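Quick notes on the structure that follows.
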2 protein chains.
Amino acid sequence: MDAIDRIILGELLRDGRLSFRDLAARVRLSPTATAERVRRLADAGVISGFHAEVDLAALGRPLKAFIDVRLRPGSDHAELEAGLLSLPAVLSGVHVTGRWDYTLTVACRDVAELDELVMALPRSYGVIETNTRLQLRELHGSGVEALCALVEPK
Amino acid sequence: MDAIDRIILGELLRDGRLSFRDLAARVRLSPTATAERVRRLADAGVISGFHAEVDLAALGRPLKAFIDVRLRPGSDHAELEAGLLSLPAVLSGVHVTGRWDYTLTVACRDVAELDELVMALPRSYGVIETNTRLQLRELHGSGVEALCALVEPK
DNA sequence: TGTGAAAGATACGAATA
DNA sequence: TATTCGTATCTTTCACA
């Protein structure tokens with residue numbers, strides 16, 4: 001992966017629908033050569049996909065929170081994981097080290113829905129303890145901008 | 001936002017580079033009407049952008065972790081936030097409720113880099129306490145799939 | 001909000017260096 | 001890996017329902 005590939009990555013991180021023509025102009029290659037580089041980056045797994053970014057607040061789910069959970073020892077984790085992720089508000093879950101087994105990221109319509117979710121977890125999903133942290137604010141520059149800084153050549 | 005818009009959202013979440021022609025076929029509208037709907041969704045802020053997804057491991061940063069931090073009371077948080085996000089390994093940061101002020105998401109080359117980062121925080125960024133959780137595994141179905149389930153009509 | 005048609009822009013494949 | 005070129009496909013604009 002050379003400097004040109006890094007520029008390409010940065011541009012596609014910012015605008016995933018950029019045409020090969022415009023992208024090519026940015027890196028001073030022909031559109032064909034540029035498309036070929038993007039194809040190679042995808043084949044190599046460096047680019048794992050292109051996605052629309054949706055605003056959860058605009059979808060009626062303005063309340064984001066992180067729920068740390070601990071599961072009952074000896075239970076079937078695979079099955080419980082699937083159950084947790086099948087909950088509508090649950091966006092993602094990661095298995096982490098430390099006092100808690102998983103951290104779930106959730107997006108709720110309001111605190112009532114979050115309350116319901118937090119209370120439902122111990123009842124039906126093998127969860128024996130939870131800790132909920134509300135997201136107050138996302139730091140400016142989180143996400144795409146940080147990734148761009150990581151991939152772009154100096 | 002009707003059912004057709006929800007289908008469009010789901011498709012663009014899965015493949016952000018889908019052509020309007022193919023997207024139109026999926027929702028049984030003309031490409032023109034489909035493009036107009038996407039434009040409206042973007043104008044309304046429901047779609048906030050399109051981005052490539054990069055594999056951090058393929059970029060040489062296979063170690064993901066969450067670092068909870070507490071800042072020195074009375075310090076200039078705005079400035080410290082900018083400092084934290086300017087660190088190369090830091091992908092994002094959120095201000096959260098509870099015992100910790102922020103949770104940083106970081107991607108490191110190896111544990112040595114993570115160690116260096118965790119030790120550097122108290123020295124230079126107004127951080128007075130940290131708690132690091134390694135990401136062992138992301139649950140299958142985190143991310144796009146969960147979002148699709150949220151937007152797609154039943 | 002929707003359609004269809006036509007012009008201009010873009011992507012793709014083949015030949016080649 | 002890159003370029004150019006020809007052809008196929010796609011996007012966008014416009015007139016109109």
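Predicted model only: the values in this text are computed from it and were never measured. Per chain, numbering begins at 1; letters A, B, ... match sequence-line order.
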Protein-nucleotides 2-7 of chain C N/O pairs closer than 3.5 Å?
residue	atom	partner	partner atom	Å
C:dG2	OP1	B:R37	NE	3.1
C:dG2	OP1	B:R37	NH2	2.5
C:dG2	OP2	B:R37	NE	3.1
C:dT3	OP2	B:S30	N	3.0
C:dT3	OP2	B:S30	OG	2.7
C:dG4	O6	B:T32	OG1	3.4

Test side chain to side chain donor-acceptor pair (under 3.5 Å) applied to [X] - qualifying residues, sequence neighbours left out:
X      : value
A:R72  : none
B:E129 : B:R70, B:R99
A:N131 : A:D68
A:R37  : A:D2, A:D5

Q) chain B on DNA chain D: first and last contacting nucleotide, 5' to 3', under 4.0 Å to a heavy atom? A)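 Under 4.0 Å from chain B, the extent on DNA chain D is D:dC10 to D:dC14.
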Taking only residues two or more places apart in sequence or in another chain, which ones pass side chain to side chain contact (heavy atoms under 4.5 Å, CB included) with [X]?
X      : answer
B:A107 : B:L56, B:R61, B:K64, B:L91
A:T130 : A:I67, A:V69, A:V118, A:L121, A:V127
A:R123 : A:M119, A:A120
A:P62  : A:A57

**Q.** Near-strand residues of residues 9-26 of chain B, defined as heavy-atom separation under 4.0 angstrom from DNA chain D
**A.**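 Only B:S19, B:F20, B:R21 qualify.
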Q.
So if I take the C1' atoms of five pairs at each end of the helix from C:dT1-D:dA17 to C:dA17-D:dT1 and get each local axis, what angle do the two axes make, rounded to 10 degrees?
A.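 Axis angle across the helix from C:dT1-D:dA17 to C:dA17-D:dT1, nearest 10°: 30°.
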